[in-house]
Amino acid sequence: MMTDSTMPVQATAATPPEIRAQLFAYVLQLADTSLILAHRLSEWCGHGPILEQDLALANIALDFLGEARSYYQYAAELEGKGRTEDDLAYLRSAVEYRNPLLVEQPNGDFAGTIVRQFLYDCFHYHLLLQLKSGPDAQLAAIAEKSVKEAAYHIKWSAEWVIRLGDGTEESRRRVEKAIDNLWRYTGELTTPSATEKALQAAGFAPDYSAIQQQVDAHVARVFEEATLAVPEGVFMQKGGKDGRHTEHLGYLLAELQYMQRTYPGLQW
Amino acid sequence: MVEQLAPPTEEHIWQLLEGVSDPEVPVLSILDLGIVRAVRVEGEEVHVTITPTYSGCPAMNVIATEIRLLLLAEGITKLHIHNQLSPAWTTDWMSQAGRQKLEEYGIAPPVDGTATGHMLNLFGKDTAVRCPLCKSEHTHMVSQFGSTACKAHYQCDDCLEPFDYFKCHA
């Protein structure tokens, strides 16, 4: 950890223990989501289609990694059992991970990565706007920090959806295929888990129906400009937020956690 | 044996911190960047509160270490560095001197007020950023994402040189 402490932490003293436990689970879910997406994006490093987009993907990966660290540090404090941010990131198995399925999906081609990113950015950006004005001071502070970065991400991914959708026959074919493949994972983002329902009732997690409306409007606007159709009537997959993942997460974690598992306690 | 020094004053600490620079933009001190939010001295205990620029900025670790080493060399051993996220860092906190130093170094300083609303400004007109080399305003953005998280990549249409732009982050 880079510093002695993070401040302010206000969900500690006054918060009832059951809410505190659920808040820990929720912050951990947010951390897992950012970490897994950061890892996926970092897989592009050195493979980007052109230099500028290689840099963009690495930059966005770094933002998500930084956001993940903030959440993990806070989760570790909320748990209060001596586990560190590194323990939480490196020493949990796939079934303990709580990220939604969308972010663990493989990169595919550039169109696949762009569509995954745009669909997640839409949710992420509008979620952070809500968390920013939420009652928990530390969660609000992390969101306030991250939303500035998320605004750059969503502009980037939206512009690429438009370029590819309204681009060549080939780019359009690929982006449509990616939407067809990934749309089924979007419903989970705004479908509350048991943890999220409890926190919503207590006012600590935002109202997902309001976020869903903002996401729908955002997607519709960008897809229209990209001359892409918004899918309808798609069966939505879920399970990631309850620890039931696609096969891809295990492989991802094998790589992400390799060093720490092979050399326990290793530090840079 | 280290000689017993007089207790540190907040003013003195602020002066010392001027000597810590951003490892990625070495012409800027951390005070120019507005990273240091507070200095508090309680007897021999010194508290320094810093605010990260970008969430994942690797320079923050180096900066925290350098603060520690610098103050240690002054005999300050009871140092606590706090990481404060809110209010979130903004380029509005960058000093005027810092902006000048940036431009002289070849990095265009942030143009105020350009960060707000950009999320919906798809394919919008690029911010008018002045070329730090020939001072022309005929420039264009090459990429929103540059060599570090805080910079975008631009090119001058007059002198044709590529240059970094320190993004407005408000």
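Chain A is the first sequence line, chain B the second, and so forth, proteins listed ahead of strands; every chain is numbered from 1.
In this structure a side-chain-to-backbone donor-acceptor pair under 3.5 Å is missing from Glu144(A) to Pro87(B). Checked by atom type and distance alone, the side chain of Asn59(A) pairs as donor or acceptor with a backbone atom of Gly146(B) at under 3.5 Å.
Interface residue Ile162(A): only side-chain heavy atoms are found under 4.5 Å from chain B. Of the two parts of Ile142(A), the backbone and the side chain both hold a non-hydrogen atom closer than 4.5 Å to a non-hydrogen atom of chain B. For Pro58(B), the part lying under 4.5 angstrom from a heavy atom of chain A is the side chain only. Within the 4.5 angstrom heavy-atom criterion, atoms from both the backbone and the side chain of Thr90(B) approach chain A.
Every residue two or more places apart in sequence or in another chain that forms a ring pair (Phe, Tyr, Trp, His ring centres under 6.0 Å) with His153(A) is listed here: Phe64(A). Looking at residues two or more places apart in sequence or on another chain, you find a side chain to side chain donor-acceptor pair (under 3.5 Å) between Glu45(B) and His80(B).
The distance from the CD atom of Gln84(B) to the NZ atom of Lys145(A) is 11.5 Å, given to the nearest 0.5 Å. One finds the CG atom of Leu85(B) at 8.5 Å from the CD atom of Gln73(A) (value rounded to the nearest 0.5 Å).
In Lys135(B), the NZ atom is crowded: over 12 heavy atoms of neighbouring residues, nucleotides or ligands sit closer than 6.0 Å. Environment of CD in Gln15(B): crowded, with over 12 heavy atoms of neighbouring residues, nucleotides or ligands closer than 6.0 Å. Surrounding CD of Glu42(B) are more than 12 heavy atoms belonging to other residues, nucleotides or ligands, all under 6.0 Å away. With a 6.0 Å radius and a threshold of 12 heavy atoms from other residues, nucleotides or ligands, Lys151(B) has its NZ atom above the threshold.
Taking each heavy atom of His169(B) and Tyr152(A) in turn, the nearest pair found is ND1-CE1, 4.1 Å. For Glu52(A) against Val142(B), the heavy-atom pair with the smallest separation is OE2-CG1, 3.6 Å. Pairing each heavy atom of Asp63(A) with each of Ala149(B), the nearest pair is OD1-CB, 4.4 Å.
Annotation: maximal heavy-atom pairing with chain B below 4.5 Å, among Glu225(A), Arg163(A), Glu149(A), Glu67(A), occurs at Glu149(A). Among Val147(A), Ile60(A), Leu65(A), the residue with the largest count of heavy-atom pairs under 4.5 Å with chain B is Ile60(A).
Taking 4.5 Å as the limit, every side-chain heavy atom of Ser55(B) sits out of range of all side-chain heavy atoms of Arg69(A). Taking the side chain as every heavy atom from C-beta outward, Phe145(B) and Gln53(A) never approach each other to under 4.5 Å.
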